[in-house]
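Okay, structure first, notes after.
What you are looking at is a predicted structure, and each value in this text was computed from that prediction instead of being measured. Labels below follow one simple rule: chain letters A, B, ... track the order of the sequence lines, proteins then strands, and each chain is numbered from 1. Atoms considered below: every heavy atom in the structure, side chains included; atoms not considered: hydrogens, waters and symmetry mates.
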There are 2 protein chains.
Amino acid sequence: MTAPLPATFAALADPTRLSILNRLAQGEATVNDLAALFPISQPAVSRHLKVLEEAGLIERRIDGTRRPCRLNPQALAPVRGWISELERVMEMNFARLDALLATPERTDNAPDT
Amino acid sequence: MTAPLPATFAALADPTRLSILNRLAQGEATVNDLAALFPISQPAVSRHLKVLEEAGLIERRIDGTRRPCRLNPQALAPVRGWISELERVMEMNFARLDALLATPERTDNAPDT
DNA sequence: TCGTTATATAGCATGAAGCTTATATAATGA
DNA sequence: TCATTATATAAGCTTCATGCTATATAACGA
């Protein structure tokens, strides 16, 4: 259910949706709960929830006429993973640069093709 | 220099910009380097870089007529932080729920002091 | 100074996102 | 079955992001 990274980030790029997620960290909430909490209409909330659901960030269950939402705790793992990978690559290249600079007698300026 | 979270996420929401960041993890690159790497025009790359810079995700230096970009390693810390906080709150509430369910004789709806 | 290279900006077209109101669907309860 | 409540969808509007081409600016080298 984890969406591609750009889609996940797009879902996170809206302040209202971030607030919704922050709220959901405290536990389930229905569409109307959320609509009461934010200064936008109920249809607007429904759309935000759809975006969040399609990004895999929330899940919903059916309780009579209600459809309470809750966070999907795993959805943010790819984000963590991407950041970690980015930092890993970055440090790898810092390390290489350091190694290069640590051998000053050999200024190996590889002639850029 | 760290932008508000929604702005950061918005900057990360574009596939081309994500690719640019991935590339920059390996080291500096100029606008033209990047323009050659992706199937979009140089002006389009310039705009993407502007977005990334305004989000604090990259920094630039001046080298003659070039303006090489590099990652700002600190920019993603708030993202990590937000995720951690979200998970913290979530687990806190799981714990409270567990505690509640573990004491069935005492349905202590403690009004939080 | 002049031509070249590197980057930025302007102007425009297009498509997507977000909002609203109005309405449809679905489950509940009398 | 009918009214009510909860949520979803439709239609329309506005704003914004992205891409392009054309052009401006800036630094360099001769």
Side-chain angles (χ1 to χ4, degrees), chain A residues 3-24 27-72 109 111-113, chain B residues 3-24 27-72:
Chain A
L5 273 180
T8 302
F9 285 130
L12 296 171
D14 182 274
T16 300
R17 284 197 291 268
L18 276 190
S19 298
I20 289 176
L21 294 179
N22 286 332
R23 164 62 186 78
L24 291 182
E28 284 190 347
T30 68
V31 177
N32 270 348
D33 290 343
L34 297 167
L37 212 49
F38 303 105
I40 60 177
S41 65
Q42 169 264 310
V45 172
S46 274
R47 292 202 135 233
H48 281 308
L49 293 176
K50 191 174 191 178
V51 172
L52 290 171
E53 187 175 26
E54 284 172 352
L57 288 162
I58 67 172
E59 292 168 346
R60 325 182 66 170
R61 61 185 182 87
I62 298 184
D63 169 28
T65 119
R66 295 182 210 138
R67 235 138 297 190
C69 320
R70 61 174 178 279
L71 283 190
N72 172 9
N109 284 342
D112 41 318
T113 60
Chain B
L5 273 181
T8 302
F9 285 130
L12 296 173
D14 182 274
T16 299
R17 285 198 290 270
L18 276 191
S19 298
I20 289 176
L21 293 179
N22 285 332
R23 163 62 186 79
L24 290 182
E28 283 189 349
T30 68
V31 177
N32 270 348
D33 290 343
L34 297 167
L37 212 50
F38 303 106
I40 59 176
S41 65
Q42 170 265 309
V45 171
S46 275
R47 290 190 136 234
H48 281 307
L49 292 175
K50 190 173 192 179
V51 172
L52 290 171
E53 187 174 25
E54 284 172 354
L57 288 162
I58 67 172
E59 291 167 347
R60 324 182 66 169
R61 63 187 181 85
I62 298 184
D63 168 26
T65 118
R66 294 181 211 138
R67 235 138 296 191
C69 320
R70 61 173 178 281
L71 282 190
N72 174 9

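B/R60 is linked by a side chain to side chain contact (heavy atoms under 4.5 Å, CB included) to B/V31, B/L49, B/E53, B/R67, B/C69, counting only residues two or more places apart in sequence or in another chain. Every residue meeting the side chain to side chain contact (heavy atoms under 4.5 Å, CB included) condition with A/P4, not counting sequence neighbours, appears here in chain and number order: A/P6, A/A7. Remark: B/R23 engages B/Q26, B/A29, B/L34, B/L37 in a side chain to side chain contact (heavy atoms under 4.5 Å, CB included) (not counting sequence neighbours). Every residue two or more places apart in sequence or in another chain that forms a side-chain hydrogen bond (donor to acceptor under 3.5 Å, both in side chains) with B/N22 is listed here: A/W82.
The nearest whole Å value for the distance from the CG atom in A/D63 to the P atom in C/dA27 is 12 Å. Atom CD1 in B/I20 sits about 13 Å away from atom C1' in D/dT18, given to the nearest Å. Between A/L52 atom CG and C/dA17 atom P the separation is 13 Å, expressed in whole Å. Atom CG of A/N32 and atom C1' of C/dA27 are 14 Å apart (whole Å). Spacing between atom CZ of B/R66 and atom C1' of D/dA26 amounts to 14 Å, rounded to whole angstrom units. Going from atom CD of B/E54 over to atom P of D/dT18 covers 12 Å, rounded to whole Å. When the P atom of D/dA17 is taken as reference, atom CG of B/L49 falls 16 Å away, rounded to whole Å. If you take CZ of A/R60 and P of D/dA6, they are 15 Å apart, rounded to a whole angstrom.
Here B/T65 contributes atom OG1 and B/N32 contributes atom CG; the two are 8.5 Å apart, rounded to the nearest 0.5 Å.
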Name the atoms and distances for all side-chain donor-acceptor pairs under 3.5 Å in residues 39-46 of chain B, with sequence neighbours left out.
| from | atom 1 | to | atom 2 | distance (Å) |
| --- | --- | --- | --- | --- |
| B/S41 | OG | B/A44 | N | 3.3 |
| B/Q42 | NE2 | B/S46 | OG | 3.2 |

Protein heavy-atom contacts under 4.0 Å, written 5' to 3' over nucleotides 18-26 of chain C as B (base), S (sugar-phosphate only) or - (none), form the string SSBBB----
